[in-house]
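Single-structure report; data block below.
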Amino acid sequence: MKEMFGGPGKVSGLVLRVGQCSFAAASIGVMLSAHGFFNSTAFCYLIASMGLQLLWSFGLACLDLHALRANRDLRNPVLMSLFVVGDWVTAILSLAAASSAAGVTVLFAKDLNYCKSPPFLPCSRFQVSVSLAFLSWSLLAVSSLVMFWLLAAL
């Protein structure tokens with residue numbers, strides 16, 4: 001069986017999952033620190049989606065860590081199918097959330113000028129949170145493609 005970067009039970013897979021967790025947690029933290037985020041559904045959706053991604057990636061990081069410590073192979077058809085479906089669902093939700101939050105951020109900052117005039121929203125925090133969400137999604141996209149490739153190779 002072909003060994004791939006980012007596969008389950010590998011150090012590279014653990015690094016990808018920890019990166020996903022870190023960026024998702026940072027995105028949530030920055031968004032929660034910005035006052036007025038709760039007035040936009042897109043920002044609330046971003047927090048919910050990043051929370052789901054955080055839980056999913058943390059769970060798989062723990063599973064990768066266990067597999068590395070116990071020297072177990074996680075590549076069986078049932079587990080790989082679960083990983084593929086979970087990764088693709090969370091990837092789609094994360095991309096949708098990050099894109100919608102980016103659209104609202106651009107609307108607030110450029111079109112409505114809410115950053116420079118009342119209600120003086122913290123648009124820079126919104127932008128940082130959305131950027132972190134896109135970074136988290138990019139790592140999840142890599143994991144999703146690797147998992148799909150490994151499932152096809154089984």
Side-chain angles (χ1 to χ4, degrees), residues 1-35 37-38 40-106 108-109 121-154:
M1 174 136 337
K2 185 171 171 83
E3 299 292 324
M4 285 192 74
F5 172 83
K10 304 287 180 236
V11 175
S12 57
L14 179 63
V15 169
L16 278 174
R17 298 298 179 182
V18 168
Q20 292 165 18
C21 286
S22 301
F23 285 126
S27 176
I28 291 170
V30 171
M31 186 60 76
L32 287 177
S33 71
H35 72 85
F37 77 90
F38 50 83
S40 172
T41 306
F43 295 152
C44 294
Y45 176 51
L46 179 69
I47 290 174
S49 175
M50 289 295 109
L52 175 68
Q53 184 173 341
L54 177 68
L55 292 173
W56 175 255
S57 298
F58 181 74
L60 290 184
C62 290
L63 190 62
D64 282 342
L65 187 62
H66 172 71
L68 285 170
R69 290 182 140 198
N71 201 17
R72 301 246 178 180
D73 187 20
L74 295 177
R75 290 175 295 171
N76 67 48
V78 174
L79 275 178
M80 292 300 293
S81 297
L82 177 69
F83 295 160
V84 167
V85 170
D87 275 350
W88 280 91
V89 166
T90 54
I92 290 168
L93 290 174
S94 296
L95 180 61
S99 298
S100 65
V104 171
T105 301
V106 169
F108 285 173
L121 293 176
C123 293
S124 61
R125 288 189 186 188
F126 297 155
Q127 291 169 348
V128 169
S129 178
V130 168
S131 299
L132 291 168
F134 274 115
L135 287 172
S136 182
W137 171 79
S138 66
L139 293 176
L140 185 59
V142 170
S143 294
S144 300
L145 291 172
V146 167
M147 291 297 173
F148 187 69
W149 189 274
L150 288 174
L151 179 64
L154 282 180

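Atoms considered below: every heavy atom in the structure, side chains included; atoms not considered: hydrogens, waters and symmetry mates.
Residues Val130 and Ala101 share a closest heavy-atom pair of CG2-CB, 3.7 Å. When all heavy atoms of Arg75 and Leu154 are compared, the closest pair comes out as O-CD2, 4.2 Å. Between Ser138 and Leu135, the shortest heavy-atom distance links the atoms OG-O, 2.7 Å. Across all non-hydrogen atoms, the minimal contact from Leu46 to Ala133 is CD1-CB, 3.6 Å. Listed here is the closest heavy atom pair of Val104 and Ser40: CG1-OG, 3.5 Å. For Trp137 against Leu95, the heavy-atom pair with the smallest separation is NE1-CB, 3.5 Å.
Other residues, nucleotides and ligands contribute at most 12 non-hydrogen atoms within 6.0 Å of the CZ atom of Phe58.
Looking only at side-chain heavy atoms (C-beta outward), Val146 and Ser12 stay at 4.5 Å or farther from each other. Residues Leu79 and Pro8 have side chains not in contact (no heavy-atom distance under 4.5 Å, counting atoms from C-beta outward).
Put simply, SG on Cys44 and CZ on Phe37 are 6.0 Å apart, with the number rounded to the nearest 0.5 Å.
Not counting sequence neighbours, the partners of Ser57 by the side-chain hydrogen bond (donor to acceptor under 3.5 Å, both in side chains) test are Gln20. In this view, Tyr45 satisfies the ring-ring contact (aromatic ring centres under 6.0 Å, His included) rule with no residue, not counting sequence neighbours. Looking at residues two or more places apart in sequence or on another chain, you find a side-chain contact (heavy atoms from CB on, under 4.5 Å) between Ala24 and Met50, Leu54, Ser136. The disulfide (SG to SG under 2.5 Å) check on Cys21 picks up nothing, with sequence neighbours excluded. Checked against side-chain contact (heavy atoms from CB on, under 4.5 Å), Val89 has the following partners two or more places apart in sequence or in another chain: Val85, Leu93. For Val84, the side-chain contact (heavy atoms from CB on, under 4.5 Å) criterion is met by Trp88, Met147, Phe148, Leu151, not counting sequence neighbours. With sequence neighbours left out, the ring-ring contact (aromatic ring centres under 6.0 Å, His included) criterion links Phe83 to no other residue. Annotation: ring-ring contact (aromatic ring centres under 6.0 Å, His included) contacts of Phe43 (sequence neighbours excluded): Phe126. Here Thr41 pairs with nothing under the side-chain contact (heavy atoms from CB on, under 4.5 Å) rule; sequence neighbours left out.
Without hydrogens or angle criteria, Ser27 side chain to Phe23 main chain gives no donor-acceptor distance under 3.5 Å.
Residue pairs that meet the salt bridge (Lys or Arg N to Asp or Glu O under 4.0 Å) test with at least one member in residues 122-146, sequence neighbours left out, do not exist here. Applying the salt bridge (Lys or Arg N to Asp or Glu O under 4.0 Å) test to residues at least two apart or on different chains, the pairs with a partner in residues 86-106 are Arg17-Asp87.
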Side-chain donor-acceptor pairs under 3.5 Å in residues 59-72, sequence neighbours left out?
from  : atom 1 : to   : atom 2 : distance (Å)
Asp64 : OD1    : Gly9 : N      : 2.8

